[in-house]
Amino acid sequence: MREFINFFLKWRFIIFFFLLEFSAIFLSFSNSKFHQYIYAGSSNFIIGKIYETIYKLRSYFLLEIENQKLLNENRKLRDAQISYKIRKISKDFKEEDINYLQQYTFTPVQIINNSIHEQDNYITINKGNIDGIKPDMGIILSNGIAGIIIKTSPHFSIAISLLNPKIKVNARLKKNKCFGTLSWDGVDHEYVILYDIPRHSTIHKGDIVETDGKSATFPEGIPIGKVHSYKFDEEHANYIIKVKLMANFSTIENAYVVKNFFKKEWNDLQLYKVENK
């Protein structure tokens, strides 16, 4: 008790000073509408910032869910496209008798690993054979194609990337339907090369290059890129076209795996042609 009294006596002036200051501030805020307004405004600002932070955090954690919803909606739209179906016409043809067989379906996936700086690049996705993913299925993007599945496990799959010289894709010029073979030359991840375009083709910079549907892997008419430059190959009497990819492979995250219901039938016929040459 004595120590407390000594402490109070020693610091009594400072303690008294702070008590007076506290009283003055309290009375000031209690009696002044202006000060009350400022205080209320500060409180509202702080509360607003708290709500804003909570909203941003909530939006961040819900972003993946929203992205998945968007992918599923896009999948449904792709599945419904007439261009991805086969027309089936009755023997006694009437326009109202036209039916469509679903040829392609699209499974939304996430790209969880992707290389672009290797000589042979690969892609890993977050779905596997329990999701119906199988080797030789194509992977497409919202603005291009990504690769072809080569191996699956129950929950994951690996694809050979379009940025891999081992992959060859049938592609064409959208404008005149002249087709050739598309592959990567291993130089720049923003460009691929379209070979074997015939000499009679009319080519302009900016022309769209798309899938031509001559394989069972990718549907017809998926945009791949645009003509960046081209030259005529005198030795083989055709054009070599440098194509600027529409997709930026350094930032791809979401994709679709393409299932072709008629792939086996297609491949069996191609095998028959080879065996009977």
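Just so you know, residue 1 is the first one in the sequence shown, and it goes up from there. What you see below is based on every heavy atom in this structure, not just the backbone, and it leaves out hydrogens, waters and symmetry mates. For clarity, every value in this text was computed on a predicted model and none was experimentally measured.
Going from atom CD1 of Ile112 over to atom CZ of Phe156 covers 5.0 Å, rounded to the nearest 0.5 Å. Taken from CG in Asn170 to CD in Glu220, the straight-line distance is 11.5 Å, to the nearest 0.5 Å. Here CG of Asn143 is found 9.5 Å from CD1 of Ile252. Values are rounded to the nearest 0.5 Å. From Ile167, atom CD1 reaches atom CG of Asp120 across 11.5 Å, with rounding to the nearest 0.5 Å. Rounded to the nearest 0.5 angstrom, Cys178 SG and Asp212 CG are separated by 11.5 Å. We find the NZ-CD1 distance between Lys259 and Ile133 to be 9.0 Å, quoted to the nearest 0.5 Å.
Taking 4.5 Å as the limit, every side-chain heavy atom of Lys175 sits out of range of all side-chain heavy atoms of Ile208. Side-chain contact between Ile241 and Ile203: present, with at least one pair of heavy atoms (C-beta onward) separated by less than 4.5 Å. Counting only heavy atoms from C-beta outward, the side chains of Ile130 and Pro154 approach each other to under 4.5 Å. Within the 4.5 Å cutoff, side-chain heavy atoms of Thr152 are placed close to those of Pro135. Inter-residue side-chain proximity for Leu162 and Val169 is flagged as met; some heavy-atom pair is nearer than 4.5 Å. Proximity of Glu253 to Ile111: side-chain heavy atoms (C-beta onward) are nowhere separated by under 4.5 Å. Within the 4.5 Å cutoff, the side chain of Leu245 has heavy atoms near those of the Leu163 side chain. Residues Ile123 and Asn113 fail the side-chain proximity criterion, which asks for heavy atoms closer than 4.5 Å.
In terms of heavy atoms, Gly180 sits closest to Ile197 at N-CD1, 3.8 Å. Nearest approach of Asn260 to Ala216, heavy atoms of both residues: ND2-O, 3.1 Å. Counting all heavy atoms, side chain and backbone alike, Ile139 lies closest to Ile149 at CD1-CD1, 3.6 Å. Minimum heavy-atom separation, Asn248 to Ser250: OD1-OG, 2.6 Å. Nearest heavy atom pair, residue Gln119 against residue Gly186, reads NE2-CA, 3.9 Å. The nearest pair of heavy atoms linking Arg199 to Phe232 is CB-CE1, 3.3 Å.
A continuous path of ILVMFWY side-chain contacts below 4.5 Å connects Val258 to Ile150, so both sit in one hydrophobic cluster. Cluster annotation: Ile158 is connected to Ile140 through the hydrophobic network of ILVMFWY side chains, with a link wherever side-chain heavy atoms come within less than 4.5 Å. Criterion: ILVMFWY side-chain heavy atoms under 4.5 Å apart, direct or through other members. Under it, Tyr122 and Val109 are part of a common hydrophobic cluster. In the hydrophobic cluster analysis, where Ile, Leu, Val, Met, Phe, Trp and Tyr join through side-chain heavy atoms closer than 4.5 angstrom, Tyr191 is grouped apart from Ile145. A single hydrophobic cluster is not seen to contain both Val209 and Phe179; linkage of ILVMFWY side chains at heavy-atom distances under 4.5 Å, directly or through other members, places them apart.
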*asked:* For a side-chain contact (heavy atoms from CB on, under 4.5 Å) check, start with the C-alpha distance between Ile222 and Glu210, then their side-chain angles and the critical distance, and finish with the verdict.
replied: CA-CA 5 Å; Ile222 297 177; Glu210 62 182 14; 5.9 Å; no
_Working note: Glu190 + Lys242, criterion salt bridge (charged side-chain N to carboxylate O under 4.0 Å, His left out); need CA distance, chi angles, decisive distance, verdict._
CA-CA 10 Å; Glu190 294 184 348; Lys242 187 174 183 179; over 6 Å; no
*Go through the steps for His228 and Val243 under the test side-chain contact (heavy atoms from CB on, under 4.5 Å), then give the verdict.*
CA-CA 5 Å; His228 177 266; Val243 180; over 6 Å; no
*Test side-chain contact (heavy atoms from CB on, under 4.5 Å) on Leu173 and Val227 and set out the steps.*
CA-CA 9 Å; Leu173 294 168; Val227 173; 3.9 Å; yes
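Of the possible polar contacts, one joining the Thr211 side chain to the Gly221 backbone as a donor-acceptor pair under 3.5 Å is found. A donor-acceptor pair under 3.5 Å is absent between the side-chain atoms of Asn129 and the main chain of His155, judged by distance alone. When atom types are taken as modelled, the side chain of Ser157 and the backbone of Lys127 share a donor-acceptor pair closer than 3.5 angstrom.
In Lys134, the NZ atom is not crowded: 12 or fewer heavy atoms of neighbouring residues, nucleotides or ligands sit closer than 6.0 Å. Counted within 6.0 Å of NZ on Lys205, heavy atoms from surrounding residues, nucleotides or ligands total 12 or fewer; the atom is thus considered open.
Just one of Asn121, Thr124, Asn164 meets the side-chain hydrogen bond (donor to acceptor under 3.5 Å, both in side chains) condition when paired with Ser115; it is Asn121.
Considering only residues two or more places apart in sequence or on other chains, His236 meets the side-chain hydrogen bond (donor to acceptor under 3.5 Å, both in side chains) condition with Asp233.
In this structure, Ile193 shares a hydrophobic cluster with Tyr195, Ile240, the cluster being traced through Ile, Leu, Val, Met, Phe, Trp and Tyr side chains under 4.5 angstrom apart.
Taking the ring centre of Tyr239 as origin, the terminal cationic atom of Lys231 falls outside the region bounded by 6.0 Å and 45° from the ring axis.
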